There are 2 protein chains.
Amino acid sequence: MRFPEHPIELAAVPRRTRGRPRKSADERDDGNRRQDVLRAAAQLFRQHGFAATRTRDIATAAGMQSGSPFYHFENKQALLGAVILEGMQRAVTRQKAAMDQASEAAGNSPPDPRQQLRVLIRTHFDVLLGPDSEFIPVMLYEWRSLTAMQRAAVNDLRRSYEGMWVAPLQALVAAGAVSGDPALARLMIFGALNWSVQWFDPGQRATLDDLTDTALRLFLKDCA
Amino acid sequence: MRFPEHPIELAAVPRRTRGRPRKSADERDDGNRRQDVLRAAAQLFRQHGFAATRTRDIATAAGMQSGSPFYHFENKQALLGAVILEGMQRAVTRQKAAMDQASEAAGNSPPDPRQQLRVLIRTHFDVLLGPDSEFIPVMLYEWRSLTAMQRAAVNDLRRSYEGMWVAPLQALVAAGAVSGDPALARLMIFGALNWSVQWFDPGQRATLDDLTDTALRLFLKDCA
DNA sequence: CCTACCGATCGGTAGG
DNA sequence: CCTACCGATCGGTAGG
């Protein structure tokens with residue numbers, strides 16, 4: 001049994017407006033709170049997995065109350081989709097920027113395929129393991145938790161991302177610098193890179209440049 | 001409100017013993033039901049992940065009632081540990097057997113490191129993707145869901161498994177057939193192989209022998 | 001975006 | 001190993 005909050009002299013108490021006090025226009029965050037929820041979700045999904053993460057914990061990590069994430073996202077499932085979609089968008093954007101920059105550095109001519117592969121791999125590691133890199137690992141771990149429709153939406157981006165690797169790899173296979181069935185080899189290269197989310201520890205000796213070197217030396221025949 | 005099962009003539013009805021009728025000795029399964037639970041758990045953990053799997057579904061898949069898995073395992077967490085431990089034990093056993101067999105085939109002399117690597121990779125794919133291969137993928141996906149103590153128990157086996165790769169790989173690096181930092185290269189090779197649990201489809205063209213060939217051609221310099 | 005809450009699910013158990 | 005059940009958790013919502 002609760003006691004009523006104002007048992008007497010209701011009128012004497014300063015009237016409090018119902019609900020939250022409205023923030024003034026310049027105090028508003030213009031929807032940035034949505035980004036906070038998204039980032040918090042990505043971090044927790046990455047640490048504990050989708051199913052093991054409580055939406056309450058996402059709320060707390062974003063500095064809000066337990067029900068509030070559902071103001072920004074329909075449900076937990078949609079939150080997962082948004083995290084993974086955001087991750088793929090960032091990956092594609094950054095990879096395209098890196099490739100453009102490499103082209104410029106090579107005097108606006110297409111860089112040689114070895115250099116292209118180096119840039120692709122280095123950027124890939126950065127997306128996977130660099131700062132703010134919780135989004136793509138969530139995709140790698142939680143792909144199976146997406147609905148069929150969410151998968152389809154992400155697949156477009158994924159195909160576009162993977163497409164950037166095809167030309168350089170085929171050139172390297174044609175030049176004898178990479179051996180094996182190109183499609184299978186590409187899957188294995190992705191595996192070698194993606195697996196690093198399981199073991200890479202930024203506190204250890206190896207840097208992302210070290211990883212890139214190791215990968216290139218492992219995959220490329222330099223005797224051809 | 002339930003009706004009593006025998007409202008009248010209780011004595012006329014053949015006495016039913018309480019609980020389950022005891023099975024005769026030759027009808028008993030000698031604890032094989034535990035294996036059924038373990039296999040069912042492995043399959044469901046592999047498909048949906050640990051946190052998303054209901055113990056009720058494990059029970060159903062093993063052909064028992066919802067509470068019965070807890071007769072065989074203390075709790076869900078212990079079930080995960082048992083699945084992963086069983087997986088690692090199988091992997092070590094099979095890999096050792098394969099290496100022994102390869103030694104015999106080479107006339108009880110140590111096979112050359114290329115051949116050793118081929119055997120290791122081929123067996124690895126078999127453990128990962130062959131028949132009854134749900135146990136190790138659970139470990140790859142759900143390592144983070146283990147308790148610290150469970151991890152320690154599995155780590156002994158894991159070290160022993162990974163140890164089998166060290167000598168041949170170092171020999172290959174020494175011979176110039178594999179390039180790069182040996183420890184990092186090993187991690188990347190494992191990644192390339194382990195990632196196959198994400199994309200390999202036994203219904204497709206590629207066989208485990210194809211994967212093995214591709215991997216060897218990708219990692220080994222044959223020009224040295 | 002908070003308050004206050006609901007309804008279903010799910011791991012787990014007592015007793016036989 | 002089943003029956004019958006509990007207690008806690010957790011995604012989600014109505015209303016402001």
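A quick note: this is a predicted structure, and the numbers were derived from the prediction, not measured. Below, chains carry the letters A, B, ... as their sequence lines are ordered, and counting in each starts from 1.
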Taking 4.0 Å as the cut-off, does a side-chain nitrogen or oxygen of Thr55(A) come that near to OP1 or OP2 on dC10(D)?
no
When you measure from the side chain of Arg54(A), which nucleotide among dA4(D), dC10(D), dG12(D) comes out closest?
dC10(D)
Testing dA4(C), dG11(C), dG11(D) for proximity to the side chain of Phe70(A), the answer is dG11(D)
Quick one: [X] [atom1] to [N] [atom2], roughly how many Å, whole number?
X	N	atom1	atom2	result
Phe73(A)	dG11(D)	CZ	P	15 Å
Phe50(A)	dC10(D)	CZ	P	14 Å
Gln65(B)	dG16(C)	CD	C1'	15 Å
Lys76(B)	dT9(D)	NZ	C1'	13 Å
His48(B)	dT9(C)	NE2	C1'	16 Å
Phe45(A)	dG11(D)	CZ	P	9 Å
Gln77(A)	dC10(D)	CD	P	18 Å

Given pairs defined as Watson-Crick or G-U wobble with both distances under 3.5 Å, what dot-bracket annotation applies to DNA chain D, with ( ) intrastrand, [ ] crossing, | other strand and . unpaired?
||||||||||||||||
Asp100(B) and Lys96(B) ion-paired at < 4.0 Å
no
Establish, yes or no, whether the cationic atom of Arg33(A) lies under 6.0 Å from the six-membered ring centre of Tyr71(A) and within 45° of the ring axis.
no
Residue whose closest nucleotide on DNA chain C lies nearer the 5' end, Tyr71(A) versus Arg56(A)
Tyr71(A)
Would a distance-only check, ignoring hydrogens and angles, find a side-chain to backbone donor-acceptor pair under 3.5 Å from Gln198(B) to Leu140(A)?
yes
Minimal heavy-atom distance between Met88(A) and Ile136(A), with the atoms involved, is N-CD1, 3.8 Å
Just checking Glu74(B): does its CD atom have more than 12 heavy atoms from other residues, nucleotides or ligands closer to it than 6.0 angstrom?
no
Centroid separation under 6.0 Å, is that true for the rings of Phe190(B) and Trp199(A)?
no
